[in-house]
Amino acid sequence: MGCWEEVIQNLISCGYLRSEKVIQAMRKIPRADFLPPEARPYACEDRPLPIGFGQTISAPHMYAIMLEAAQVQEGNKVLEVGAGSGYGAALLSFLAGKKGKVYSIEVVPQLAEFARKNIQKSKMHAVIIEGDGKQGYPEEAPYDRILVTAAAISLPAPLLLQLAEGGRMLAPIGGLFQELVLLEKTKSGILQRSLLPVLFVPLR
Ligand code: SAH
């Protein structure tokens, strides 16, 4: 058994990975393919790893938690804020399927390029946009799912506006102490709950 399959088995036995589709996504797309060469030997360690420019790729269990909570459906239009390595966007693209669409915004130009190359190599389809994710991407709004992968003190208002009714958003909120928050936009308003304490790089 390769080390990535061991990671998957661990995430399943810890209860982080539960749904067949998310398990398939992580199994099919190994994190190693989204790392710079010097970080690749550590790909199977369940912790964030540096991807350059002071940024990190999240720990495998964090992708599992976010993707399970996001409940991405085939055909969904998804927005990610913070493309980084492109790993999250590739997983989202697998989950949204051929009929779905994934947009991911990245503020560091070199990382936007890094993400694009990695996604292309993995044969997934996601559009990487260079820019400030706090503004969202109004051109393609509304989105069925929005995943924010950098932490803000409070949720940027444009993101909530660009969430479709019936949509789900996940975002780390806070400064020194952050929580991963799940927001659902329903007919009667916004449902919000905090899932767990987390630590993400700050949203710039
Ligand atoms: N989802 C990424 C995780 C990247 S870490 C992955 O799978 O690898 C968070 C990323 O958010 C970093 O790449 C950082 O440069 C980016 N970021 C920070 N502030 C941002 C902003 N205002 N707009 C867009 N991206 C931002």
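The basis for the numbers below is simple: all heavy atoms, side chains too, and nothing from hydrogens, waters or symmetry mates. One-based numbering along the sequence shown. Note that ligands are numbered from 1 as they come in the structure, with each ligand's atoms numbered from 1 the same way.
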Inset, instruction - Indicate, as side chain, backbone, both or neither, the part of T149 found under 4.0 angstrom from ligand 1 when only non-hydrogen atoms are considered. - result: both

Inset, instruction - Please work out whether any backbone atom (N, CA, C, O) or any side-chain heavy atom from C-beta onward of A83 is under 4.0 Å from ligand 1, and answer side chain, backbone, both or neither. - result: backbone

Inset, instruction - Pick, from L35, V108, V107, L49, the option with the minimum heavy-atom distance to atom 20 (C) of ligand 1. - result: V107

Inset, instruction - Quickly, which of L191, I173, L160 forms a side-chain contact (heavy atoms from CB on, under 4.5 Å) with L183? Name it, please. - result: L160

Inset, instruction - Take every heavy atom of A115, measure it against each atom of ligand 1, and state whether any distance is under 4.0 Å. - result: no

Legend entry - Contact partition for Q55 relative to ligand 1, non-hydrogen atoms under 4.0 Å: side chain

Inset, instruction - Please tell me if the side chains of N118 and D33 come closer than 4.5 Å, counting only heavy atoms from C-beta onward. - result: no

Legend entry - Electrostatic pair E184-R168, nearest N-O below 4.0 angstrom: yes

Legend entry - Common cluster, L170/Y137, ILVMFWY with side-chain heavy-atom separation under 4.5 Å: no

Legend entry - ligand 1 versus T56: contacting region, heavy-atom distance under 4.0 Å: backbone

Inset, instruction - Using a strict 4.0 Å cut-off to heavy atoms of I105, name the atoms of ligand 1 that fall inside it. - result: 24 (C), 25 (N)

Legend entry - F34 six-ring centre to K117 NZ/CZ under 6.0 Å and within 45° of normal: no

Legend entry - Contact (N/O only, under 3.5 Å) between E80 and ligand 1: yes

Inset, instruction - Keeping the roles fixed (side chain from R31, backbone from S58), state whether a donor-acceptor pair exists under 3.5 Å. - result: yes

Inset, instruction - Answer side chain, backbone, both or neither: which part of Y63 comes under 4.0 Å from ligand 1, heavy atoms only. - result: side chain

